[in-house]
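Shown next, in C-alpha cells, is the structure this report addresses.
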Amino acid sequence: MTIASPHLGSPAVWTDARLLYALEEVVEKELNRHMKVAKDWMPHEYVPWSDGRNFPGLFEDGEAWDKEQSKVTEVGRIALVVNLLTEDNLPSYHHEIASLFGRDGAWGTWVHRWTAEEGRHGIVMRDYLLASRAVDPDKLEQFRMAHMSEGFESDNRHSMLHSVAYVSFQELATRISHRNTGHQSGDPVCDRMLSRIATDENLHMVFYRNLLKAAFEIAPDLTMQAVRDVVVNFRMPGHGIPGFERAAAQMAIGEVYNLRIHHDDVLQPVLRFLKIMEIDGLGPEGLKAQEELGLFMGGLDAEAAKFDERLAARKARMAARAAG
C-alpha cells in the first residue's frame, strides 16, 4: 500500500486526499482487471429498429402513441422510465465523482471510462423505448427535463469513503433493478437489452466493492462507519424523479425492486463479501458502527418479512378474484 497508517482509522491521519493517494494502486489494479474483462458492445444492435415509425410532429404521417402498441407490461413500462431517467442524470454523476476522485492518474481514467460505459445505457434504453413505442415519448421528455433541471447531489459527497461505500451497493442495486425489469417486461428484446446493461453494472459493482475491501485494510474504523451510514440511509439516485414514490411502490409490488430484494440481493451479497461482521481490530467507533449495522440488517430483514406477507396476501386476493 502506498501509505502506511500509524493509527488505523484515525480521522486526523486519513483525510480524503490521503485516502485517494493510498488507494490509487488498488484503483490501477482494478482498472486493469476491468479493462480485461469488460466487453465493448454496440447499443444499436439491441434496438428493434424495424418496429419504429414516425410520431406526430414534423411528419404528416406520424402516428400518435398508444400503450397498446407495445408488448411491454405496465410494471415494465414504469420501471423502464425510472431506470432511464436515473441514467439520464449522468452529467451530474460525472461531476460528482470527478470532483471527488479527480481527473488525473488511475482515478481519472476510471472516472472517464465509467462515464463512457454508463452513457451507452441511456442511449440504448431511450432508442429501445422509442423504437418499440413502449412509453409516451412526450411524457418521457417532460420527465427528463424536470428531473435533469433539478440536477443531482449525492447524500455522500462529503466523504470519499462514504461515496465508495455507496456506489458499491448502488451499482449492484442498479444491476438488480435492470435485470428484474427485463424479466418483468414481457418482451424478450427488452430482457436481452437490460441483461447486457446489468452485466456492465455488475462489473462496476465489483470495481467499487474491491476498492471498499482495500479501504477496510487501511482504515477499518472509518470504513465501517461509512458502510454503516450508507446502508442505514440508502436511497437510489433516482429518488428525485417526478412521481418516484408511486413508481417505487408499483415496482415493489411488481417484484422489480422491494425491501426483500434490497436486503437479500443488494446489501447482503456485498456485506458477505466484505465479511463485515467478522472484521476485528476495530476501535470504539468502528465497533459501535459494526454493531449498529448488524442491528439494522436484522430490523430490515424483519421489515422485509412483513412486506413478503403483505405481497403474498395481495397475490392470493388477486388469484381469488381471477378464479371467481
May I ask you to say whether Glu255 pairs ionically with Lys315, meaning some side-chain N is under 4.0 Å from a carboxylate O?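 Looking at Lys315 together with Glu255, the answer is yes, because their closest N to O distance falls below 4.0 Å.
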
Does Arg120 qualify as a cation-pi partner of Tyr46, given the criterion of NZ or CZ under 6.0 Å from the six-membered ring centre and within 45 degrees of its axis? no

Output all residues satisfying ring pair (Phe, Tyr, Trp, His ring centres under 6.0 Å) with His263, sequence neighbours left out; order by chain, then residue number. none

Could you work out, with ring pair (Phe, Tyr, Trp, His ring centres under 6.0 Å) as the rule, every residue matching Phe244, not counting sequence neighbours? none

Does the side chain of [X] pick up a donor-acceptor pair with the side chain of [Y] at under 3.5 Å?
X	Y	value
Ser177	Asn83	yes
Glu96	Ser92	no
Asp138	Trp65	no
Asp187	Ser132	no
Glu171	Trp114	yes

My understanding is that only one of Val72, Leu194, Ile123, Leu84 makes a side-chain contact (heavy atoms from CB on, under 4.5 Å) with Tyr128; could you say which? Val72

side-chain contact (heavy atoms from CB on, under 4.5 Å) with Val47: which residues, sequence neighbours excluded? Trp49, Val124, Asp127, Ala131

With His162, the side-chain hydrogen bond (donor to acceptor under 3.5 Å, both in side chains) member among Asp229, Thr223, Asn156: Asp229

Does a side-chain heavy-atom distance below 4.5 Å link Ser195 with Arg179? no

